[in-house]
Protein chains: 2
Amino acid sequence: MQKETKYIMEKAKEEKKLDTTTEEKIKQAARKVFLQKGYAATRTRDIAEEAGINLALLNYYFRSKEKLFDLIMMETVAGFMQTMGMILNNEQSSIEDKAEAIAAHYIDFIIQDPNVPIFMLSEIRNNVDGLLEKFPIRQLVSNSAFFRQYREAAEAGKVTESNPLHFLMNLLGLVIFPFIGQPMLQRIGGMTDHQYRNMMLERKKLIPIWVNAMLKVT
Amino acid sequence: MQKETKYIMEKAKEEKKLDTTTEEKIKQAARKVFLQKGYAATRTRDIAEEAGINLALLNYYFRSKEKLFDLIMMETVAGFMQTMGMILNNEQSSIEDKAEAIAAHYIDFIIQDPNVPIFMLSEIRNNVDGLLEKFPIRQLVSNSAFFRQYREAAEAGKVTESNPLHFLMNLLGLVIFPFIGQPMLQRIGGMTDHQYRNMMLERKKLIPIWVNAMLKVT
DNA sequence: GTCTATATACGGATAGAC
DNA sequence: GTCTATCCGTATATAGAC
């Protein structure tokens, strides 16, 4: 009876309070600091302070700064790619639908977590070694329903540029660049954070229109 | 007579040999390493080694790592903005001409120095304090001939989206994003460096067509 | 101006008490 | 699991000889 009570309490601790676990607090703090400052510029002490824990606990739970970073990086890239794969491989939706879905999803996504793009792109540049190799990019993207649909449309003369990679980089550029260029672009526009955010939300409707127009021109 | 000879020699040293000066060698090395790895990840020893000079000379000429970085950063941003200002403030050229000029110039420019965009954008993110404040952005961009022309065209119903900032961020996104996303995009396409470079060169012609199409749609 | 040697500080990581 | 105290490598910067 006493044993059973103890067991239940431990289970509750593991499952219900998972978000307030020390380990989890460290991970969340690490995510915040790493995404803000990048790997090289963050000190393990910053993370400990942000998490409100003792520095030694970071090494106790995650062994090293690098291992903790790799974990955060993997989760972040995975979180980013997952939806991409879902959308691009939807056999039911058209090319236009997919573009709209990507714009809508990623604009909302990045507004929630604005540092994700610049973080991923600048860390991948250094981590040339083999971070991307751990993700099934060719399966998820190159061999996607989208790429097949696009090639078919090009052969049928329904789109004018035959390379689907141009289309994908255009779409992602229109969605992502305004966020990574925000410090500069917002200053050019003389806008508040709120105004800039609204402009990004506008683009959920505008980008599908623009990319559809791009599909039809010589 | 002796004085004059000495003067001539010093002048020659200053003007002709300027590129092989120790000071200049350090600057060039610093530029290379900073742009590749970012401020936090570069060590002054890396720069000294790259320049083939003694570490102490770096501090002798530039006082500190941070001062040297600030110099490189300022020159890089200035070099980037200068042509932008020239193109946007050309009273003779049309909106379409300007888009074409920007695409052509910056694609060539970034191919020569591929790290410039991700370097600028990721360092500006940290340097929130006041790097951009040192540049006359509003004068160069917000009050440019381009912004005026665009607003006039919008009023005359010749372009469908009335905010020139949308147009500018679209154009820059189409030009710049494929470079900062290269590690990911090149992998998706399964391309060699050479093939990717050719694709970027293609875009000098394609981007003007695309942005013109975007100008005309609802 | 350029070198060697070194001061000084900082950051990652661990030992060991509780 | 969590803390304090500390070790140790490394990075910036300078002192001082040449």
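Lettering of chains follows the sequences in order, A, B, ..., and the numbering in each one begins at 1. Note that this is a predicted model, so its numbers are computed, not measured.
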Rounded to the nearest angstrom, tell me the gap between atom [atom1] in [X] and atom [atom2] in [N].
{"X": "A:Leu58", "N": "C:dA15", "atom1": "CG", "atom2": "P", "value": "16 Å"}
{"X": "B:Phe62", "N": "D:dT14", "atom1": "CZ", "atom2": "C1'", "value": "18 Å"}
{"X": "A:Asn59", "N": "C:dT14", "atom1": "CG", "atom2": "P", "value": "6 Å"}
{"X": "A:Lys65", "N": "D:dT10", "atom1": "NZ", "atom2": "C1'", "value": "13 Å"}
{"X": "A:Tyr39", "N": "C:dG12", "atom1": "OH", "atom2": "P", "value": "8 Å"}
{"X": "B:Lys25", "N": "C:dG1", "atom1": "NZ", "atom2": "P", "value": "13 Å"}

- Task: Give a yes/no answer on whether the side chain of A:Arg63 brings an N or O atom under 4.0 Å of OP1 or OP2 in C:dG12.
- Result: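 It does not, given that no N or O in the side chain of A:Arg63 lies less than 4.0 Å from OP1 or OP2 of C:dG12.
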
- Message: For a quick test of reading the model: is some side-chain N or O of A:Arg45 closer than 4.0 Å to OP1 or OP2 of C:dG11?
- Response: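 For C:dG11, neither OP1 nor OP2 has a side-chain N or O of A:Arg45 closer than 4.0 Å.
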
- Message: Tell me whether B:Lys25 forms a cation-pi arrangement with B:Tyr61, defined as NZ or CZ under 6.0 Å from the six-membered ring centre and within 45 degrees of its axis.
- Response: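 Negative - B:Lys25 is either too far from the ring of B:Tyr61 or too far off its axis.
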
Write down the protein N/O and nucleotide N/O pairs, taken from nucleotides 2-4 of chain C, whose separation is under 3.5 Å; answer none if there are no such pairs.
| residue | atom | partner | partner atom | Å |
| --- | --- | --- | --- | --- |
| C:dT2 | OP1 | B:Thr22 | OG1 | 3.0 |
| C:dT2 | OP2 | B:Thr22 | OG1 | 3.4 |
| C:dT2 | OP2 | B:Tyr61 | OH | 2.7 |
| C:dC3 | OP2 | B:Asn54 | N | 3.4 |
| C:dT4 | OP2 | B:Asn54 | ND2 | 3.3 |

- So, for B:Phe69 and B:Tyr39, is the gap between ring centers shorter than 6.0 Å?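 Yes; B:Tyr39 has its ring centre under 6.0 Å from that of B:Phe69.
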
- Is there a donor in the side chain of A:Asn170 and an acceptor in the side chain of B:Arg203, or the other way round, less than 3.5 Å apart?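 B:Arg203 and A:Asn170 do have a side-chain donor-acceptor pair below 3.5 Å.
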
- Message: Going by side chain to side chain contact (heavy atoms under 4.5 Å, CB included), name the residues that satisfy it together with B:Asn59, two or more places apart in sequence or in a different chain.
- Response: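 Partners of B:Asn59 by the side chain to side chain contact (heavy atoms under 4.5 Å, CB included) criterion come out as none, since no residue qualifies.
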
- Item | Mutual orientation of the aromatic rings belonging to A:His105 and A:Phe109 [parallel < 30°, tilted 30-60°, perpendicular > 60°] |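 Geometry flag for A:Phe109 against A:His105: parallel rings.
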
- Which of parallel (below 30°), tilted (30 to 60°) and perpendicular (above 60°) describes B:Phe80 and B:Tyr106?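 Ring orientation of B:Phe80 relative to B:Tyr106: tilted.
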
